[in-house]
Amino acid sequence: SDEFCDEFFEAYVPYWIEYYFKDERYLKIDGRPIVGIYSMDKFLGMFGTMGEDDEAINAGIARFRQACIDAGVGNPYIISHGFGYTEATFKKYSVYDIDCIGLASWPKHEGLTWQKSDIKAMSKASDKYNMDFVASVQPRQDLAAWDQRTGFHSSGKEFLNLLTWAKNELPSLMTPHRLSKRLMNL
């Protein structure tokens with residue numbers, strides 16, 4: 001809504017800049033703060049209706065970026081964090097000026113073997129839609145609080161194998177100039 005959008009720029013953005021982005025401990029890459037938005041649809045919805053007000057949405061994102069630049073903290077890397085992302089997610093968000101898709105969890109499967117194939121598929125979608133992708137690897141997941149499934153728990157050896165793959169082989173799948181070459185969710 002317009003009311004929340006105004007509050008975002010009058011209260012939230014200045015607070016984030018002053019108490020987070022200006023803090024030397026805040027994660028930055030190339031002088032740019034990393035901003036992870038967990039519910040990208042709600043974030044974009046502050047600026048307009050997705051699919052109808054795309055120009056207004058991109059203007060809102062540009063206003064956010066410019067506020068950060070004007071404050072001297074740099075142009076933020078805007079990352080959509082969420083779960084259950086597919087190639088369709090890249091297509092959906094490719095019309096907006098966000099930088100990256102990042103997975104917060106892997107809710108559809110159990111175990112670790114599927115993580116590699118999902119990461120490979122997301123990397124291909126990243127290239128297809130010219131939007132960065134930050135991979136996420138996890139040793140365990142407990143979903144009981146959300147949907148009564150038990151999730152999965154890997155052994156230390158299984159997770160070490162996945163981490164070794166992520167360190168040694170995953171970078172070769174990523175486009176060289178991408179943030180994904182330098183950032184991974186663990």
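Because the structure is predicted, anything quoted here is derived from the model rather than measured.
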Quiz item: So Phe8 and Trp16, would you call those rings parallel, tilted or perpendicular, with 30° and 60° as cut-offs?
Solution: perpendicular
Practice problem: Before accepting this row, confirm whether a basic side-chain N of the pair Asp23/Arg25 lies closer than 4.0 Å to the acidic partner's carboxylate O. | Solution: yes
Quiz item: Quick one: does Ile79's side chain get under 4.5 Å of Val35's, heavy atoms only?
Solution: no
Quiz item: Can you name the nearest heavy-atom pair linking Met46 to Cys5, along with the distance?
Solution: O-CB, 3.4 Å
Quiz item: Does Tyr77 reach the side chain of Pro33, with side-chain heavy atoms less than 4.5 Å apart?
Solution: no
Quiz item: How far apart are the closest heavy atoms of Ser126 and Phe90, and which atoms are they?
Solution: CA-CE2, 3.7 Å
Self-check item: Contacts of type salt bridge (Lys or Arg N to Asp or Glu O under 4.0 Å), residue Asp70, not counting sequence neighbours
Solution: none
Self-check item: Cluster check Ile101, Val95: I/L/V/M/F/W/Y, side chain < 4.5 angstrom
Solution: yes
Quiz item: Which pairs count as salt bridge (Lys or Arg N to Asp or Glu O under 4.0 Å) when at least one residue sits in residues 43-69, sequence neighbours excluded?
Solution: Arg65-Asp97, Arg65-Asp99
Quiz item: For Tyr26, does the OH atom have more than 12 heavy-atom neighbours from other residues, nucleotides or ligands under 6.0 Å away?
Solution: yes
Quiz prompt | Geometric class of the Phe47/Phe43 ring pair [parallel <30°, tilted 30-60°, perpendicular >60°] | solution = perpendicular
Quiz item: Is Lys124 atom NZ crowded by more than 12 heavy atoms from other residues, nucleotides or ligands, each under 6.0 Å away?
Solution: no
Exercise. Name all pairs fulfilling the salt bridge (Lys or Arg N to Asp or Glu O under 4.0 Å) condition that reach into residues 33-51, sequence neighbours left out, sorted by first residue then second.
Key: Asp41-Lys92
Quiz item: Out of curiosity, does Val73 fall in the hydrophobic cluster containing Ile69 (side-chain heavy atoms, cut-off under 4.5 Å, transitive links)?
Solution: no
